[in-house]
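Every chain is numbered from 1 and lettered A, B, ... according to where its sequence line falls, protein lines coming before strand lines.
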Amino acid sequence: MSSDLLNGLNPAQHAAVTAQGSALVLAGAGSGKTRVLTTRIAWLIQTAQVSPMGLLAVTFTNKAAKEMLTRLSAMLPINTRGMWVGTFHGLCNRLLRTHHREAGLPQLFQILDQQDQLSVIKRLLKTLNVDTDKYDPRKLQAFINMNKEAGLRADKVEAWDPYTRRLAEYFGEYDAQCQREGVVDFAELLLRSHELLARNALLREHYQERFRHILVDEFQDTSRLQYAWLQLLRGPGGALFAVGDDDQSIYAFRGADVGNMGQLMTDLGIAAPIKLTQNYRSHSTILDAANAVIGNNRNRLGKELWTDAGKGEVIRHFQASDDGEEARFVVEEIQALRRDGLGHSQMAVLYRSNAQSRAIEHALFSAGLPYKVYGGLRFFERAEIKHALAYLRLVANPDDDNAFLRVVNFPARGIGARGLEQLSDAARQAGTSLWAAACASGAGKKGVAAFVLLIEGLRADSLELPLAEKIEHIVALSGLIAHYQNEKDGEDRVENLRELTNAALSFSAEAETQSLEDFLAHAALEAGEHEAQAGQDAVQLMSVHAAKGLEFHTVFLTGLEEGLFPHENALNEADGLEEERRLMYVAITRARRRLYVTHSQYRLLHGQPRYGLASRFLEEIPEALVQSLRPARTAYQAPTYGARPTPVAVDAALPSGKYPHRIGSRVTHPRYGEGVVGGYQGQGAETEIRVSFPGAGDKWFILEYARLTNC
DNA sequence: AACTCTTTAGTCGCG
DNA sequence: CTAAAGAGTT
């Protein structure tokens, strides 16, 4: 029986799936990690080592959780409903809703997303009369979240300097305000349920006895708090099975601590991780490049990817003179690949920062190619949706001050800053919510009174309606649709508001509930799909971070320049360069068959001209694996695919790094026109370049600022 | 109180 | 440069 499940696993995968007790699985990119995880769950259940209700499986994304459940139900004839499989936040939410009393929370606590949290912080700093030039709300937000992710409350923060002490003080005020208002931010979900389990021995022992097996995906992304949470849930006889890849740890900036992998081995007495190193995705040229790059990192658990799929194609490198040329090169290659029959959706263009998508989008658009951009706002984060949700939240709980403030005057109903100030003064003095203050004192003011009547009417009217109809009704009467219909460019927003009803419909079908509160929690915990342009078979554009976990036949890795990738900000951070290198490793291993790496000597960044040297990561790829393509001597002209002239090796005389313009080559200056590069002097940022112009003679420019282009 | 203008910040982003 | 937020204007 179980042999069916285990069929086709390689020895390492087999060992991981059937490991006894706790284990750490070091799963390289493309090594069948998800398969191992789901097969282990199925195997544990099938061999009766655990019941479906006796295990806990944690992922980072809703998508991963959903996929795990889908695969599981394909493997075993069990009902996955009710199993504890989900994201850290989803499971903590479940725990806190079930035990809200013990956790000191109202049953209907609201969840703040990042935007909500920031506006709460801004509001708080305003009432405390804090100078926001000195205490940046966003810095405070990061401070609060970082500390919570490390498991620290305001009174436990180590604050040696006055500035940090003030931040800690505001942190405490913020938590107090959240507690008063019954709202919980993302980090709080985790911290609060950790405290719940830590303080309540009965509860803790109950869950420890229940969850005999705890399984964690993407373990390298766990924060210290998440690790502590897992340890609390794991009872004396419980097993913790963690799967991760330290080389793909790219989320330190949001609290992930790779150190958890080593910590886990120490804490559970695991001598060595089980390594999955056979890669089923890429050809060996690509893996060799990835191995070589990541080999430059110091602190690794250590592993090398390999494949029996053969060498495959050489990695193609292109050096553009500006970002426009880089983009046109990508487009030409995409068109050639398309002619050879490769689907657009099999090709991805990756970049380090989202701002870089512009140039690529422009070129794709000009060429009439379909593309999808990932990143940006997601469905439940859009302003019109958040407005609609605020109405829903007020109907569910009128004391929700955040929701109140968001829509009390949107659409405009004559309630200005002055009126609001009176309201919040009244609320503070009476120690009540804004809503209560509005009911008490607002009767005189027509705008406020109308708003109170509107919300009360909405609640009364929609009480008995099923979820989707309720939402449709509230959205319609809120005046949001009318407002956006009058606004130019408002069609999309109206469309999204209508889509909200559909979202509610599919939610109530899937979750089998008509509860508005459940839907609101769902909206907070799952922000929905990223915006993506229409197009069935479209080229995929996304940041390297967004590409983690995905794979494509062909990958264009663009913008490989110092300062951009590795990003300059990362160089000042502890272990920043190593994290950037891991990001490079993730990027390379996305490609199944063909990998392009490109960089540009010049690009506009924030409207400023910038001359980037080739990324050090480019030079860390062994030369033998790379073939350099060069543009024609003049501006790059599209080579016909297949009939391209034999690529010429990059001129080795000068390292492609330090000098963007070769001595003796012709360059163009916006003011002086065409000239010849005479030479360089100075180092680093001081580097100057000499150019002789036929009309203006010899000129020296600071290389960093000179607007020179090769011609 | 709505509208327009100016200012400012700008790596990556799950829940 | 460009989008969004805050300040100033009508």
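- When heavy atoms are screened at a 4.0 angstrom cut-off, A:N62 is found touching the sugar-phosphate backbone but no base atom.
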Practice task
Please test A:D257 against A:Q226 for side-chain hydrogen bond (donor to acceptor under 3.5 Å, both in side chains), starting from the C-alpha separation and ending with a verdict.
Solution key: CA-CA 10 Å; A:D257 183 357; A:Q226 285 162 339; over 6 Å; no
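- Taking the side chain as every heavy atom from C-beta outward, A:I250 and A:Y585 never approach each other to under 4.5 Å.
- Here A:N93 lies out of heavy-atom contact (under 4.0 Å) with every strand.
- The pair A:E580-A:R352 meets the salt-bridge criterion, since a charged nitrogen lies less than 4.0 angstrom from a carboxylate oxygen.
- Residue A:Q114 is classed as a base contact, given a heavy-atom separation below 4.0 Å to a base.
- Between chain A and DNA chain B, the heavy-atom contact criterion of under 4.0 Å yields a 5' to 3' nucleotide range of B:dA1 to B:dG15.
- Looking at heavy-atom distances under 4.0 Å, A:I415 makes contact with sugar-phosphate atoms alone, never a base.
- A 4.0 Å heavy-atom criterion places the boundary nucleotides of DNA chain C facing chain A at C:dC1 to C:dG6, written 5' to 3'.
- By the 6.0 Å and 45° rule, A:R97 stacks over the aromatic ring of A:F109.
- Annotation: side chain of A:S615 is not in contact with side chain of A:H599 (no heavy-atom distance under 4.5 Å).
- Here A:Y351 and A:F556 keep their ring centres 6.0 angstrom or further from each other.
- Across all strands, A:E579 comes closer than 4.0 Å to no nucleic acid atom at all (heavy-atom distances).
- Comparing A:L525 and A:A570 by the nucleotide of DNA chain B whose heavy atom lies nearest to each, the residue mapping closer to the 5' end is A:A570.
- Checked against side chain to side chain contact (heavy atoms under 4.5 Å, CB included), A:D136 has the following partners two or more places apart in sequence or in another chain: A:R138, A:K139.
- Among the protein residues, A:K548 comes within range of no part of the nucleic acid, since none of its heavy atoms lies under 4.0 Å from any strand.
- Among the heavy atoms of the strands, none lies under 4.0 Å from A:D221.
- Looking at heavy atoms from C-beta onward, A:Q248 lies out of side-chain contact with A:R582 at the 4.5 angstrom threshold.
- With DNA chain B read from its 5' end, the first of the two nearest nucleotides for A:S543 and A:A412 is the one closest to A:A412.
- With hydrogens and angles ignored, the 3.5 Å screen pairs no side-chain donor or acceptor of A:Q179 with any backbone N or O of A:D175.
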